[in-house]
Amino acid sequence: MKSISSSSSIAVPKFRCFDPSSTYTTSNSNYHYVKSSSSSSLNSMSNSTSTDSGASMESSSKPGRKIVTGDYGYVLEDVPHLTDYIPDLPTYTNPLQNNPAYSVVKQYFVNEDDTVTQKVVVQKYSPRGTHFRRAGPRQKVYFESDEVHACIVTCGGLCPGLNTVIREIVCGLHHMYGVNKVLGIEGGYRGFYARNTIPLTPKLVNDIHKRGGTILGTSRGGHDTLKIADSIQDRGINQVYIIGGDGTQKGASAIFEEIKRRGLKVAVAGIPKTIDNDIPVIDKSFGFDTAVEEAQRAINAAHVEAESIENGIGVVKLMGRNSGFIAMYATLASRDVDCCLIPESPFYLDGPGGLFEFIEKRLKEMGHMVIVIAEGAGQDLVSESMKSMDQQDASGNKLLQDVGLWISEKIKDHFKKSRKMSINLKYIDPTYMIRAVPSIASDNVYCTLLAQSAVHGAMAGYTGFTVGPVNGRHAYIPFYRVTETQNKVVITDRMWARLLASTNQPSFLSEKDVVQFKKEREPPTQLLEGENPVANGKLESKENHL
């Protein structure tokens with residue numbers, strides 16, 4: 001592959017914005033990339049941009065953020081590129097155009113103008129809102145196939161689909177871009193400097209998607225940014241693919257910043273992984289569908305046990321440290337659950353409207369019931385009851401008490417003391433069984449798209465990004481957007497209301513609680529700096545989740 005051009009910056013795209021006041025489109029040609037670390041260049045760029053350009057680079061209060069604004073409230077939260085800190089990098093023709101697999105594709109490459117909107121439901125006069133750069137192959141790449149030396153690492157807990165992502169990164173690099181040098185880093189982050197590596201080839205990874213776990217091994221903690229960067233530099237690695245949750249992505253961001261500081265031509269790409277589905281921005285995380293599907297087996301077993309005996313109660317504990325998505329979706333899918341308890345929705349045991357009262361009522365009505373509880377639910381009640389101390393694991397996560405076992409004992413004690421009725425309770429904890437299974441078909445397809453999108457991004461010179469679907473379209477997302485908060489069930493939204501309607505359980509919330517939750521979850525209005533919140537005399541409506 002021969003170098004065909006040199007470029008000190010990314011190609012300048014022209015964003016076309018629709019003007020609701022007319023029937024034609026306006027072209028905005030001045031689209032600028034600015035190193036946010038240089039305030040002087042930023043100011044000069046802002047001053048030099050003509051007032052009618054329609055798109056300009058705006059500074060962020062935090063370093064390294066690339067924010068582009070355009071007409072009608074358009075905001076692009078862009079991702080870093082190698083040319084941001086390494087000028088005059090040569091570009092090469094993308095080998096995909098000569099790939100037989102793509103010979104039937106009419107359009108090989110993603111248009112440079114393509115972005116994906118974060119907010120899909122808008123009102124007539126609302127701003128266009130935040131966008132992300134669309135994922136996919138680019139016409140020009142910044143790596144020759146022969147020079148690529150990639151590595152893959154998996155960190156954190158297990159999740160269905162890890163092996164599929166590993167497989168598709170290896171096969172994508174090899175079959176699409178002709179890359180032959182891919183290393184697997186064993187044992188998580190510490191594997192960069194404390195463990196052996198595994199040469200990964202398409203033949204070696206051919207069948208690994210049929211197994212649970214990860215062939216590379218994993219661990220929590222062990223992140224030493226300088227040692228990891230030294231290892232990357234010493235080994236001559238120039239593409240790093242990091243698979244893990246929010247803590248892992250924070251580590252990936254630190255690695256990227258160190259790589260950038262050293263001025264190395266190394267693309268750092270993240271693939272977000274969490275079985276709890278608590279990564280923000282993206283539609284869902286891989287392995288989540290498999291977890292919900294596998295949870296059905298446990299719920300069904302609990303239901304069979306409960307309905308086969310007088311006053312039977314089945315308690316199932318599912319994963320969900322801070323977010324109750326698995327419990328919520330498994331409950332909605334099952335139709336056999338009478339009560340679902342999640343971290344986002346407080347509950348209480350005793351008194352009118354409490355859990356014990358609901359259990360008594362349901363047993364009198366149906367003769368049996370099934371309770372699903374997420375592992376992070378009711379932790380304040382457990383800690384108060386057990387007088388436990390806060391402890392953390394190697395990743396900095398708070399060690400949780402076994403709320404499933406605790407609530408099972410509480411239910412038994414209540415009915416034993418009240419003597420109103422005798423119960424038969426069965427407790428099922430399938431959490432580690434769920435995360436260790438191979439991924440189902442939908443997750444396998446999803447993992448393939450994630451892996452290939454990450455490969456396309458790295459080859460195109462993007463770095464410091466994570467990849468995922470936003471409103472059904474895969475996009476490149478800055479690390480800070482997936483690490484600054486956690487995705488949680490919004491209990492004042494319709495999805496939770498659908499669950500309450502399906503199970504016919506009480507919300508366990510007072511009117512005061514509901515008002516407070518609405519205040520906390522009210523989304524901020526996305527406006528340009530200095531923009532009047534009243535557009536043409538009309539206020540922007542609040543976002544309607546789901």
Side-chain angles (χ1 to χ4, degrees), residues 1-17 25 27-29 31-33 55 66 68 70 74 76-84 86 89-117 131-148 150 168-179 238-239 241 265 267-269 271 445-446 448-478:
M1 201 183 303
K2 296 182 179 180
S3 172
I4 60 173
S5 68
S6 295
S7 174
S8 60
S9 64
I10 308 174
V12 180
K14 297 181 180 180
F15 288 98
R16 303 182 65 84
C17 304
T25 57
S27 178
N28 300 302
S29 59
Y31 179 90
H32 300 286
Y33 288 87
K66 297 171 65 176
V68 179
Y74 176 94
L76 170 63
E77 295 198 29
D78 209 352
V79 296
H81 194 273
L82 291 174
T83 54
D84 291 346
I86 306 178
L89 276 179
T91 59
Y92 311 95
T93 302
N94 194 322
L96 275 181
Q97 65 185 29
N98 300 317
N99 191 310
Y102 278 74
S103 62
V104 297
V105 181
K106 293 182 178 180
Q107 184 175 348
Y108 299 112
F109 307 112
V110 171
N111 193 303
E112 287 296 327
D113 292 3
D114 287 356
T115 59
V116 180
T117 181
H131 292 64
F132 301 102
R133 186 167 292 281
R134 185 183 177 189
R138 265 55 182 177
Q139 188 171 5
K140 304 298 180 184
V141 295
Y142 284 78
F143 292 92
E144 288 188 285
S145 301
D146 295 341
E147 75 170 303
V148 175
E168 295 308 321
I169 292 174
V170 175
C171 292
L173 283 167
H174 182 82
H175 297 314
M176 293 190 297
Y177 290 99
V179 174
N238 51 23
Q239 289 187 10
Y241 297 92
K265 185 186 175 184
V268 180
I271 295 92
V445 173
Y446 179 25
T448 300
L449 298 179
L450 284 172
Q452 292 191 3
S453 294
V455 167
H456 290 317
M459 291 297 297
Y462 293 109
T463 181
F465 70 89
T466 192
V467 65
V470 180
N471 293 320
R473 295 286 186 178
H474 281 246
Y476 298 134
I477 306 164

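Computed from heavy atoms alone, side chains included, the values below leave out hydrogens, waters and symmetry copies. Since we're looking at a predicted model, the values are computed, not measured.
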Query raised in the report: Does some side-chain heavy atom of Val179 sit less than 4.5 Å from a side-chain heavy atom of Val455?
Result: no
Report task. Could you tell me which residues satisfy side-chain contact (heavy atoms from CB on, under 4.5 Å) with Ala458, sequence neighbours excluded, listed by chain and number? Result -> Gln239, Tyr241, Ala267
Query - Phe143 vs Met459 side-chain heavy atoms within contact, under 4.5 Å - result: yes
Requested in this report: Check whether any side-chain N or O of Tyr462 sits under 3.5 Å from a backbone N or O of Tyr476 as a donor-acceptor pair, and report yes or no.
Outcome: no
Requested in this report: Dump the intermediate steps for side chain to side chain donor-acceptor pair (under 3.5 Å) on Tyr177 and His456, then the final yes or no.
Outcome: CA-CA 9 Å; Tyr177 290 99; His456 290 317; 2.7 Å; yes
Query - Test item: His131 and Thr117 side chains (from C-beta on) under 4.5 Å apart, heavy atoms - result: yes
Report task. With the side chain counted from C-beta on, respond yes when Ile477 and Val79 share a heavy-atom pair under 4.5 Å apart, and no when they do not. Result -> no
Query - Arg133 vs Phe465 side-chain heavy atoms within contact, under 4.5 Å - result: no
Report task. Determine the minimum heavy-atom distance between Val470 and Val116, stating which atoms define it. Result -> O-CG1, 3.1 Å
Query raised in the report: Any sub-3.5 Å donor-acceptor pair from Asp78's side-chain atoms to Val68's backbone N or O?
Result: no
Requested in this report: Show your reasoning for whether side-chain contact (heavy atoms from CB on, under 4.5 Å) applies to Leu82 and Lys265.
Outcome: CA-CA 7 Å; Leu82 291 174; Lys265 185 186 175 184; 4.0 Å; yes
Report summary line: Scanning both residues in full, the closest heavy-atom pair of Thr93 with Val141 reads O-CG2, 4.1 Å
Report summary line: Interatomic distance, NZ@Lys140 vs CD@Glu112, rounded to 0.5 Å, equals 11.0 Å
Query raised in the report: Hey, are the side chains of His474 and Tyr446 touching, using non-hydrogen atoms and a 4.5 Å cut-off?
Result: yes
Query raised in the report: Can you name the nearest heavy-atom pair linking Pro137 to Leu96, along with the distance?
Result: CB-CD1, 3.5 Å
Query raised in the report: Does some side-chain heavy atom of Asn94 sit less than 4.5 Å from a side-chain heavy atom of Gln139?
Result: no
Query - Side-chain donor or acceptor of Arg138 paired with backbone N/O of Gly136 under 3.5 Å - result: yes
Report summary line: Heavy-atom closest pair (Val110 atom, Ala135 atom, distance to 0.1 Å) is CG2-O, 3.4 Å
Query raised in the report: Rounded to the nearest 0.5 Å, what separation is found between the OG atom of Ser145 and the CE atom of Met176?
Result: 11.5 Å
Requested in this report: Indicate yes or no: does Lys66 engage Asp84 in a salt bridge with an N to O separation below 4.0 Å.
Outcome: yes
Report task. Kindly give the heavy-atom pair with the smallest separation between Asn99 and Ala101, and that separation in Å. Result -> OD1-N, 2.8 Å
Requested in this report: Specify whether His81 and Tyr142 have parallel, tilted or perpendicular ring planes, treating 30° as the upper limit for parallel and 60° as the lower limit for perpendicular.
Outcome: perpendicular
Requested in this report: Indicate the atoms forming the closest heavy-atom contact of Gly468 with Leu450, along with that distance.
Outcome: CA-CD2, 3.8 Å
Query raised in the report: Heavy atoms, side chains only, cut-off 4.5 Å: are Tyr102 and Gln97 in contact?
Result: no
